[in-house]
Structure formats: structure tokens, C-alpha cells
2 protein chains.
Amino acid sequence: MAAMRKKKAVKTPKGDQTSKLILDTALEMFRERGYEQTTMRAVAEKAGVSLGNAYYYFRSKEHLIQAFYQTMHDEHVVLVLPALEKLDTMKARLLTVIRLKIDVMKPYHQFAGVLFKTAGDPQSPLNPFADEANAVRVASIQLFEKVVEGTKARIPKDLRAELPYLLWVYHMGIILFWIHDRSPKHRRTYRLIDRTVEMVDKMIYLASNPFMRPLRKHALALVDELRDAAEDIMDQEEEPK
Amino acid sequence: MAAMRKKKAVKTPKGDQTSKLILDTALEMFRERGYEQTTMRAVAEKAGVSLGNAYYYFRSKEHLIQAFYQTMHDEHVVLVLPALEKLDTMKARLLTVIRLKIDVMKPYHQFAGVLFKTAGDPQSPLNPFADEANAVRVASIQLFEKVVEGTKARIPKDLRAELPYLLWVYHMGIILFWIHDRSPKHRRTYRLIDRTVEMVDKMIYLASNPFMRPLRKHALALVDELRDAAEDIMDQEEEPK
DNA sequence: GTCTATAACCGGATAGAC
DNA sequence: GTCTATCCGGTTATAGAC
């Protein structure tokens with residue numbers, strides 16, 4: 001019922017190739033010059049296709065970024081799955097997943113600024129909470145499900161159920177920080193990860209205490225409601241236009 | 001050393017008037033048609049000035065929004081100060097300040113979407129964390145200082161010092177939610193305010209417990225560091241033109 | 001039906017004359 | 001301080017080729 005406007009179908013192998021060519025060229029230029037500095041005209045020229053053609057495959061400049069999200073996620077998964085096999089504590093698993101995410105995104109740091117530019121704009125296809133990003137977001141949250149599943153810690157069911165989503169939101173926050181972080185080698189971000197993962201770990205432990213049950217219930221109900229609201233909002237915002 | 005690029009100085013009364021005329025016209029059109037739908041050309045025409053002239057007073061379309069922030073804040077303060085006089089609990093004071101903020105912004109709901117559009121973009125003049133918004137942000141945080149000052153609750157010094165900033169961040173989150181909220185009369189947002197204010201209140205109480213001291217210290221150190229990092233980032237990002 | 005190219009259009013932004 | 005004339009780049013319309 002939703003999501004009727006996917007990317008162009010691309011049925012032929014030739015079209016497939018052209019599409020990939022354009023995307024690769026664009027990402028390369030984004031990496032080198034940044035997003036704003038890269039014009040659609042320049043991408044088309046460098047890829048050796050016409051401007052019209054570029055727009056045939058990507059509905060807008062922003063849609064190129066959507067494709068970028070997907071690419072990043074795929075690379076991340078490839079690294080994360082084998083790494084998780086050897087770890088069994090929440091802290092270690094979480095640390096690994098988040099560090100690897102930053103590792104994967106590193107080459108795109110200067111371009112990444114634009115990723116969150118419209119993260120708050122409901123209309124934008126860039127919005128990771130909006131419908132068009134759904135596939136990537138869902139897949140991304142699933143990764144955090146794996147993180148939680150593989151731990152031995154005793155976590156109350158109610159919390160355990162929401163944890164993947166909460167961790168995903170947390171990881172988005174880290175990415176937001178990283179985007180702005182220009183310290184050498186992103187040292188600051190890695191330090192932030194170390195510290196916050198430790199805190200998150202402590203807080204999960206704390207929240208699992210029977211003594212905290214009322215506050216926990218209250219907070220989780222709120223999280224749930226926030227998520228519902230977010231979904232309603234996206235439903236509304238798919239229609240217009 | 002920073003902040004050398006203020007808004008145009010506007011020295012003459014005539015310029016002052018033109019500037020105000022343009023801003024008022026723009027805000028009116030934003031309210032009616034939304035931000036994207038309002039072109040600079042249309043604003044200029046309706047205000048009876050040339051396009052170039054509009055750009056003489058406002059360096060970009062986004063700079064008009066900067067002026068909007070200021071307007072909202074001014075109106076908010078006028079309502080908040082007298083209202084606070086009669087209240088002495090944290091919960092009541094916080095509730096009042098945040099509800100009033102939403103009340104003030106209400107007429108601009110449909111336009112407000114754009115406010116956070118670039119909240120994550122370090123380069124944007126729209127970014128409330130960036131330098132150009134400084135004056136408004138500082139003033140806004142001061143309001144939360146007043147909220148905290150006026151309460152009788154026993155709050156440890158370390159927390160008390162950071163609280164205004166934390167509450168400001170919290171209130172930004174509420175605004176972000178409100179922007180996306182299309183429930184009738186923004187009922188959802190007001191409900192969210194009620195619930196989260198209660199939770200915040202509880203958490204302050206909890207965090208004030210001696211038992212929580214280590215975690216609190218840890219968390220506050222982190223907040224401090226985050227803020228420092230944010231400032232560094234802004235310093236870096238002022239330079240590059 | 002799949003793909004490619006050319007020529008506009010539109011609106012944000014700037015240059016430079018007055 | 002104000003205007004006119006342009007630029008520039010995202011986007012669209014359209015016409016056709018395969």
C-alpha cells in the first residue's frame with residue numbers, strides 16, 4: 001500500500017550497467033569533491049552519458065544518496081557477521097558493530113555531511129526514518145537484533161524487545177557526531193564510542209534491576225509510542241504529491 | 001575571534017524599515033505557503049522591492065529563518081517570564097516553558113518543517129548548534145537556567161550546572177517531534193510533553209541519589225566533552241568560507 | 001517497452017551600474 | 001541602498017532511437 005515509487009526498475013543488463021556506472025561515478029566524485037560541489041552535469045559528463053540519462057536512472061541528486069546508504073550497509077554487514085561470531089558480551093559486540101560502521105564510512109567522511117542534512121526533513125528521500133529508506137533501515141535494525149541475540153546477559157523481555165531499535169538510534173547519534181568530527185583519524189569519535197558503549201552497557205544492567213521496573217516500563221511505553229507516531233507521520237507524508 | 005559575520009548591520013532607519021518589511025513579508029508567505037513554495041522572487045515582489053535588494057538584507061533564503069528563530073524566542077520570553085513567577089516545582093516550571101514554546105510556534109507549524117532540515121548540517125546557518133545561531137541559542141539556554149534556579153529541589157551541584165543545557169537539548173527534541181506531528185491540535189505533542197516532563201523530573205530525582213553518583217559523574221563528564229567537541233567543531237567550520 | 005539526447009525552465013544567488 | 005541583468009545548476013519536457 002505504501003512504497004509504490006521505487007527506484008526505476010532497470011530490466012535490461014545494459015541499463016543495469018549504465019545505472020551502476022552513473023552511481024559509481026557519482027560516489028567517486030562525492031568522495032573527492034563533496035556533494036554540493038558535484039553537479040549532475042559533471043557526473044553525467046564524467047560517466048560519458050547525457051544529463052537526461054542520469055535523471056532517467058536516478059530521480060534526483062538525493063536519490064543517489066539513497067543508493068549510497070545501501071552500499072554502506074552491504075559493506076558493513078560483510079565485516080560484521082564474521083566478527084560477531086567470536087564475541088559474546090554485549091559490550092564487545094556493540095563496540096565491534098559500531099566501530100566497524102565508522103570504519104566502513106570513513107572514505108566518505110567529507111561527503112557524509114550531507115547525509116544528515118535532511119535527516120530531520122520528513123519530505124526528503126534522504127530521511128532515514130522515511131519510507132524510501134525503509135529497506136536499509138529495517139536491515140540495519142536487524143543487525144542490532146543479532147547483536148542482542150548473541151549475548152548471554154539477563155535482560156528483561158520488555159527491554160530486550162526494544163533494544164535493537166534503541167541501539168540503532170544510538171548508533172545514528174554516533175554517526176551524527178562523526179560527521180562533524182574532524183579530529184585526526186576521527187580519534188574523538190572512537191573515544192566517544194568507547195565511553196558511550198560502556199555507559200549503554202551499564203545502563204542496560206541498571207535498567208534490568210527489578211527496582212527499576214516502573215521507570216523502565218514507563219520509558220519503554222514512551223519509546224513504543226514514539227515509534228508509532230513516527231510511523232503514522234511517515235504514512236501521512238507519503239501521500240502528498 | 002569568531003562570529004565576524006553578523007547579519008547586515010543596517011545603520012539607517014530606512015534600511016531598518018526595508019529589512020523589516022522584507023522579513024515580515026517572507027514570514028507571512030512562509031506561514032501561508034510553506035518555505036519551499038515561497039520564492040525569493042515572490043517575496044521581493046510582494047514586498048515591493050527588487051530581488052537584489054532582498055539579498056542585500058538577507059544573505060540567503062536560509063538567513064530569513066535565522067531571523068525567524070529570534071522572533072520566536074522573543075515572543076516566548078515575553079510569555080514565560082511572568083508565568084514562571086507563580087511556580088516553584090521543577091515539573092510545573094518545565095511544563096510551562098515547553099508548552100508555551102509550542103504555543104508560540106503553532107502558527108508556523110507547516111513552515112517549521114524546514115527548521116530542522118539542516119539541523120544536522122554543520123555548514124548551514126540554520127543549524128542551531130552553529131555559530132550564527134549563537135545569540136538565540138545562548139538566550140534560549142538562559143531561559144532554562146531560570147527554570148532551574150527557581151526550584152527548591154535538592155539537586156547536586158554538578159548536575160545542576162549542566163541541567164539548563166540538557167533541558168535545552170530535550171526541548172529541541174520535543175520541537176523536532178512537534179514538527180512532524182500532524183495530530184489535531186498537536187495533541188500528540190502535548191501528551192508527549194506531559195509524559196516526558198514527568199520522566200525527566202523523575203530522572204533528575206533519581207540521578208540526585210548518592211547511590212547514582214558514579215554513573216552521574218560519568219555521564220556528566222561525557223556531556224561536557226560532547227559540548228566541548230561541538231564548540232571545536234563550530235570553530236573549525238566557521239573558517240572555510 | 002527500453003534507453004538516450006537536446007533544449008528548455010525555474011529559482012537561488014551574484015555583479016555591477018546607478 | 002536599490003535596481004537590472006546574468007549566471008548557475010537541479011530538474012523537466014520532449015523527441016526520438018533501439
Side-chain angles (χ1 to χ4, degrees), chain A residues 5-23 25-26 29-30 33-68 111 114 117-118 121 123-126 132 241, chain B residues 5-23 25-26 29-30 33-68 111 114 117-118 121 123-126 132 241:
Chain A
R5 50 207 182 135
K6 281 279 159 250
K7 268 192 276 298
K8 208 119 264 166
V10 181
K11 302 239 159 80
T12 76
K14 187 176 175 198
D16 215 12
Q17 218 184 334
T18 310
S19 167
K20 187 173 175 347
L21 172 66
I22 294 168
L23 176 59
T25 308
M29 293 181 80
F30 288 163
R33 278 198 265 284
Y35 182 75
E36 311 286 353
Q37 304 314 315
T38 304
T39 72
M40 289 298 277
R41 283 167 174 84
V43 171
E45 189 176 357
K46 183 156 183 180
V49 301
S50 72
L51 178 62
N53 201 5
Y55 273 96
Y56 177 76
Y57 289 103
F58 298 92
R59 282 225 285 290
S60 76
K61 199 177 172 184
E62 288 194 345
H63 277 78
L64 284 166
I65 293 168
Q66 191 52 42
F68 168 78
F111 146 68
V114 85
K117 191 178 160 185
T118 42
D121 178 10
Q123 312 292 350
S124 169
L126 256 188
E132 299 201 52
K241 166 52 189 9
Chain B
R5 34 157 188 190
K6 281 282 159 245
K7 269 193 275 298
K8 207 119 268 164
V10 182
K11 302 232 163 86
T12 76
K14 186 178 176 195
D16 214 13
Q17 218 184 335
T18 310
S19 167
K20 186 173 177 345
L21 172 65
I22 294 169
L23 177 59
T25 308
M29 294 182 79
F30 288 163
R33 277 198 265 285
Y35 182 75
E36 312 287 353
Q37 305 313 315
T38 304
T39 71
M40 289 297 277
R41 281 168 173 83
V43 171
E45 189 176 357
K46 185 156 181 180
V49 302
S50 73
L51 178 61
N53 201 200
Y55 275 97
Y56 176 76
Y57 288 103
F58 299 92
R59 280 224 286 289
S60 76
K61 199 177 171 184
E62 288 194 344
H63 277 78
L64 283 166
I65 293 169
Q66 192 50 41
F68 168 77
F111 146 67
V114 84
K117 193 177 159 188
T118 41
D121 178 10
Q123 312 293 349
S124 169
L126 254 187
E132 298 201 53
K241 174 52 189 343

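Any value given below was found using the heavy atoms of this structure, including those in side chains, with hydrogens, waters and symmetry copies removed. Just so it is clear, the model here is predicted, and its values are computed rather than measured. Here is the naming used below: chain letters follow the sequence lines, and residue numbers restart at 1 for every chain.
- For the OP1/OP2 pair of C/dT4 and a distance below 4.0 Å, the side-chain nitrogens and oxygens of A/Y57 include at least one atom meeting the criterion.
- Rounding to whole angstrom units, OH of residue A/Y56 and C1' of D/dC18 are separated by 12 Å.
- Atom OH in B/Y55 sits about 12 Å away from atom P in C/dG11, given to the nearest Å.
- Nearest to the side chain of A/V49, among C/dA5, D/dT11, C/dG12, sits C/dA5.
- The six-membered or imidazole ring of A/F30 lies away from that of A/F68, with a centre-to-centre distance of 6.0 Å or more.
- With B/Y55 as the aromatic partner, B/K61 does not meet the cation-pi criteria of under 6.0 angstrom to the ring centre and within 45 degrees of the ring axis.
- Comparing A/R41 and A/S50, the nucleotide of DNA chain C nearest to each residue sits closer to the 5' end for A/S50.
- Between the CZ atom of A/R59 and the C1' atom of D/dT11 there is a distance of 13 Å, given to the nearest Å.
- We find that CZ of A/F58 is positioned 18 Å from C1' of D/dT12, with the value rounded to whole Å.
- At a threshold of 4.5 Å between non-hydrogen side-chain atoms, the residues B/Y56 and B/V49 do not count as touching.
- Taking atom CD1 on B/I22 and atom C1' on D/dT2, their separation rounds to 10 Å, with Å as the unit.
- Protein atom CG of A/L51 is 17 Å distant from nucleotide atom P of D/dT14, rounded to whole Å.
- As rounded to whole Å, 15 Å separates atom P of C/dG12 from atom NE2 of B/H63.
- Here the C1' atom of nucleotide C/dT14 and the CE atom of B/M40 are 12 Å apart, to the nearest Å.
- An OP1 or OP2 oxygen of D/dC3 is reached within less than 4.0 angstrom by a side-chain nitrogen or oxygen of B/N53.
- Between B/T39 and C/dC10 there is no side-chain N or O to OP1 or OP2 distance below 4.0 Å.
- Contact annotation: the side chain of A/L51 never approaches that of A/E45 to less than 4.5 Å [non-hydrogen atoms, C-beta and beyond].
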